[in-house]
Amino acid sequence: MINLTVDGILQEGASASDGFGLFTSKSVVAMRVNGELRDLAHKLADGDVVEGVEISSEDGLNILRHSAAHVLAQAVQTINPEAKLGIGPPIRDGFYYDFDVVDSFTPEDLKALEKQMERIIRSGQRFVRRVTNDGDARIELSGELYKLELIGLKGSDLGEGSAEVGAGELTIYDNVDPQSGETVWRDLCRGPHLPNTRMIGNGFALTRVAAAYWRGNENNKQLQRIYGTAWPTKDELRAHQERLEEAARRDHRRLGTELDLFSFPEEIGSGLAVFHPKGGIIRRVMEDYSRKRHEESGYDFVYSPHITKSNLFEISGHLGWYADGMFPPMKMDEEIDENGVVRKQGQDYYLKPMNCPFHILIFKSQARSYRDLPLRMFEFGSVYRYEKSGVLHGLTRVRGMTQDDAHLFVTPDNMEQELTDVIGFVLGLLRDYGLDDFYLELSTREEGNPKFVGADDIWEKATATLQKVATATGLELVPDPGGAAFYGPKISVQARDAIGRTWQMSTIQLDFNLPERFDLEFTAADGSKQRPVMIHRALFGSIERFFGVLTEHYAGHFPPWLAPVQVVGIPVADAFSDYLHSVAAELRKHGVRVMVDDSDDRMQKKIRNHTKDRVPFMLIAGGEDADSGAVSFRFRDGSQENGVPVDVAIERILEAIKTKAQV
RNA sequence: GCCGACUUGGCGCAAUUGGUAGCGCACCUCACUUGUAAUGAGGUGGUUAGGGGUUCGAGUCCCCUAGUCGGCUCCA
């Protein structure tokens, strides 16, 4: 008889000695004992504080997925005993397991492995924890070289490998066949696990195979990784798969083709996009509005060339630490005349990977006074970065892009006000584009790491300032210690889209390095020379990327102010084309992007076409409408409103455009 | 960059074990003139990403190059 506190209630003289006795609900799959996750089989001691872990909780799902990963590994080694085990942790929505195998897995292999997993699951093997020690484990797992490496690393920072060996005792989980009582498989593992494999149920699926570097280091061997997903029920698995399908339907690469917005012609090269007329309208409207807002907020518009002599990026330091990410130089060789005299000096020119040094030169073009500051320079600056081929992804990771880039040169005294203004500006503008669910991330330096440049006091002041202005927004603030660039701390704005995915949008970054390198200064009120602080800030990140994010956010249903075609007129029959043309002419006078579909398709076909094209307003007119001076609205969702007087219809359309409403 | 898969007319897809490229949409022509998601008929269009090889014969097999996709690593 022991005393336990179970789910917050004190049980004196409890008869149960483990979780099986304590929790009768089948949905409790593990427990927290004094804060530590334990198997249900864990023997409880007097005074323990115990909480049941529901399978649908975050901990429960992780345990389910981790157990599924074990079953996958067992299945792989059943089919291929030569496979060596890497690590197999739970991840968001699922799990993976890494294997060292001679031949990589195929989709057919996955089918076979799923079948094998089902067999293991149905056999109801028990997961049994066994404490071991380094020496015994090394003997027992002598064939598993990766596991041996993990044993050697026990206690150090393993990242995802921490599912294998934790800080406490070294443990192995045996899979015990319930009929024979024999151990049929084992894995080095910290646990905990489900009581038995049967509880994994049928809500799992293997999803894909991929290569992954052992312990995440690209200098290490690549292992074959199998990804899977696992849920408490088949229905939840199905719901997850439907979420993936919804994301696929919204994929901007697919919509870019379907809606004729942009393409990546192979002839131009990887990661280099062209915008088609319809995408061009959206982009231009995005840019126009951004320009207008910047103008209203006191930014100066500047322009700079796409290429520069190497010298500029030597001063900035980019060639020193970032040359791999830049396109290689255009070499202008020196010319020597017949007398051996250098007529023209050789030069390397580079495509710019960033705009800051150019803006700095504008700052330096004259002596600056504290009265000039803050100085805010804005440019839609096109930059080129030689991203590795494997990382390119639609518009969100490209090699040529245009940043909505600004650099603010401020005095240390300006800093707080300026940062407050910038963050307000950023959030306001993002909201205008239809994103309104944000959180902030504050990236700070790692204490004691010498790679971070700049004086301690200015780091402290800058970090405190960022913290203060970020907190003042009232948004959730996630710390990112050690995530700062070496030259300064930053705030990044993370936005959640319509289906809950988060995208890193704007960054606001302080820079103590470039003002130093370029020896920037201004004359203070007391006549002394002082160094300004630089703030880098991009709202969209890049226009291309933001375009991609908005496309996915709206699933192609751009709000009227952004839609390439805002209104399309559809006559019920040819005879009503002229009537709709006159309505269109009136709309056009107000700057509305409108067309009348007077092709000889049938009306139903036109409705179908323009619905698929995501035109926000379809205006339909036939005899009834023409007679009464009205039109009928049809919207993208299929709803309709008939007999709306033309002037009312026009007013509604103009209002929706003006207010940036979604329809 | 690494591992794997993939690349067939503008788009989406077919083509038994290698036997000599088809379909839908789009496009063009003609007819039809229609009240809320596909009118009918006819037609144009591909040396199967590019190059090389094996073979009597290659979209199908092999190699190289480019591109795409999924991951890994990376993202100043």
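Numbered from 1 within each chain, the chains take letters A, B, ... in sequence-line order. The figures here come from the full heavy-atom set of this structure, side chains too, leaving out hydrogens, waters and symmetry mates.
A/Tyr227 has a side-chain polar atom (N or O) that falls below the 4.0 Å cut-off from OP1 or OP2 of B/C72. OP1 or OP2 of B/C72 has not a single side-chain nitrogen or oxygen of A/Arg208 nearer than 4.0 Å. Considering only side-chain N and O atoms, A/Lys605 lies nowhere under 4.0 angstrom from the phosphate OP1 or OP2 of B/G35. Checking the phosphate oxygens (OP1, OP2) of B/C75, no side-chain nitrogen or oxygen of A/Arg385 falls inside 4.0 Å. Between B/U68 and A/His393, no contact under 4.0 Å exists linking OP1 or OP2 to a side-chain N or O.
If you check every strand for non-hydrogen atoms under 4.0 Å, A/Ala212 touches sugar and phosphate atoms only. Residue-level contact check: A/Thr106 touches neither bases nor backbone, having no heavy atom under 4.0 Å from any strand. Using a 4.0 Å heavy-atom criterion, one finds that A/Asn217 contacts no nucleic acid atom at all. A/Arg634 comes within 4.0 angstrom of a nucleotide base, judged by non-hydrogen atoms across all strands. The residue A/Phe105 sits apart from the nucleic acid: no heavy atom pair falls under 4.0 Å. A/Gly390 comes within 4.0 angstrom of a nucleotide base, judged by non-hydrogen atoms across all strands. Contacts of A/Thr611 with the nucleic acid, taken as non-hydrogen atoms under 4.0 Å apart, include base atoms.
Residues A/Tyr213 and A/Glu218 have side chains that never bring a donor and an acceptor to within less than 3.5 angstrom of each other. A/Ser263 and A/His276 share a side-chain donor-acceptor pair at under 3.5 Å.
The cationic atom of A/Arg496 (NZ for Lys, CZ for Arg) does not lie both less than 6.0 Å from the six-membered ring centre of A/Phe438 and within 45° of the ring axis.
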Pairs under 3.5 Å (N/O, protein and nucleotides 62-66 of chain B):
none

Can you give me the N/O atom pairs linking the protein to nucleotides 29-32 of chain B at distances under 3.5 Å, or say none if there are none?
| unit_1 | atom_1 | unit_2 | atom_2 | d |
| --- | --- | --- | --- | --- |
| B/C32 | O2 | A/Arg602 | NH1 | 3.2 |

Between the protein and nucleotides 10-13 of chain B, which nitrogen or oxygen pairs come in under 3.5 angstrom?
none

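When the side chain to side chain donor-acceptor pair (under 3.5 Å) test is applied to A/His306, no partner is found at least two apart in sequence or on another chain. Every residue two or more places apart in sequence or in another chain was checked for a side chain to side chain donor-acceptor pair (under 3.5 Å) with A/Asp600, and none qualifies. Take A/Arg501 and apply the side chain to side chain donor-acceptor pair (under 3.5 Å) test, not counting sequence neighbours, and it matches A/Asp497, A/Glu552. Applying the ring-ring contact (aromatic ring centres under 6.0 Å, His included) test to A/Trp214 and every residue at least two apart in sequence or in another chain returns A/Tyr146. The ring-ring contact (aromatic ring centres under 6.0 Å, His included) search around A/Phe363 returns A/Phe409, not counting sequence neighbours.
One N or O donor and one acceptor, one from the side chain of A/Arg397 and one from the base of B/C74, sit under 3.5 Å apart. Applying the 3.5 Å distance criterion, the base of B/U36 shares no donor-acceptor pair with the side chain of A/Gln604. Side-chain atoms of A/Tyr386 stay outside donor-acceptor range of the base of B/G1, with no qualifying N/O pair under 3.5 Å. Residue A/Ser389 places no side-chain atom within donor-acceptor reach of the base of B/G67, judged by atom type and a 3.5 Å distance cut-off alone. Applying the 3.5 Å distance criterion, the base of B/C2 shares a donor-acceptor pair with the side chain of A/Gln222.
Taking every side-chain heavy atom of A/Ala210 into account, B/G70 is the closest of B/U36, B/A37, B/G70. When each of B/U73, B/C3, B/U36 is scored by its nearest atom to the side-chain atoms of A/Lys388, the top-ranked nucleotide is B/U73.
Between A/Asp251 and A/Ser104, the residue whose closest nucleotide on RNA chain B is further toward the 5' end is A/Ser104. Each of A/Asp637 and A/Lys490 was assigned the nucleotide of RNA chain B with the nearest heavy atom; the assignment lying further toward the 5' end belongs to A/Asp637.
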Report, one line per pair, each donor and acceptor closer than 3.5 Å where one atom sits in a side chain of residues 535-548 of chain A; sequence neighbours left out.
| unit_1 | atom_1 | unit_2 | atom_2 | d |
| --- | --- | --- | --- | --- |
| A/His536 | ND1 | A/His407 | NE2 | 3.2 |
| A/His536 | NE2 | A/Asp511 | OD2 | 2.7 |
| A/Arg537 | NH1 | A/His294 | NE2 | 2.8 |
| A/Arg537 | NH1 | A/Tyr299 | OH | 3.4 |
| A/Arg537 | NH2 | A/His294 | NE2 | 3.2 |
| A/Arg537 | NH2 | A/Asp404 | O | 3.0 |
| A/Ser542 | OG | A/Arg545 | N | 3.0 |
| A/Glu544 | OE1 | A/Thr402 | N | 2.9 |
| A/Glu544 | OE2 | A/Arg283 | NH1 | 3.3 |
| A/Glu544 | OE2 | A/Thr402 | N | 3.4 |
| A/Arg545 | NH2 | A/Gln504 | O | 2.5 |

Would you give me the side-chain donor-acceptor pairs under 3.5 Å for residues 574-582 of chain A, sequence neighbours excluded?
| unit_1 | atom_1 | unit_2 | atom_2 | d |
| --- | --- | --- | --- | --- |
| A/Ser577 | OG | A/Asp574 | O | 3.3 |
| A/Tyr579 | OH | A/Ala630 | N | 2.9 |
| A/Tyr579 | OH | A/Ala630 | O | 2.7 |
| A/His581 | NE2 | A/Asp598 | OD2 | 3.0 |
| A/Ser582 | OG | A/Tyr579 | O | 2.6 |

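Scanning both residues, A/Phe635 and A/Glu641, for their nearest heavy atoms gives CE1-OE1, 4.4 Å.
The distance between the ring centers of A/Tyr97 and A/Phe99 falls below 6.0 angstrom. The six-membered or imidazole ring of A/Tyr350 lies away from that of A/Phe313, with a centre-to-centre distance of 6.0 Å or more. Side-chain rings of A/Phe512 and A/Tyr487 stay apart, their centers remaining 6.0 Å or farther from each other.
The distance between atom CZ of A/Arg399 and atom P of B/G1, rounded to the nearest whole Å, is 7 Å. For A/Leu223 and B/C3, the CG to P distance is 13 Å, given to the nearest whole Å. Taking atom CG of A/Leu392 as the reference point, atom P of B/G67 lies 9 Å away to the nearest angstrom.
Separating the OH atom in A/Tyr349 from the CD1 atom in A/Ile307 is a distance of 6.5 Å, to the nearest 0.5 Å.
Looking at RNA chain B, the stems built from 3 or more consecutive Watson-Crick or G-U wobble pairs, each pair with its key distances under 3.5 Å, are B:1-7 with B:66-72, B:10-13 with B:22-25, B:27-31 with B:39-43, B:49-53 with B:61-65.
Looking at A/Arg636, its side chain never comes within 3.5 Å of a backbone N or O of A/Thr611 through a donor-acceptor pair.
Using a 4.0 Å cut-off between a side-chain N of Lys or Arg and a carboxylate O of Asp or Glu, A/Lys309 and A/Asp348 do not qualify as a salt bridge.
Between A/Phe262 and A/His252, the ring planes are tilted. Angles from 30° to 60° get that label.
Contacts with RNA chain B (heavy atom under 4.0 Å) in residues 617-629 of chain A: A/Ile620, A/Gly622, A/Gly623, A/Glu624, A/Asp625, listed by number.
Comparing the P positions of B/U36 and B/C32 gives an interatomic distance of 23 Å, to the nearest angstrom.
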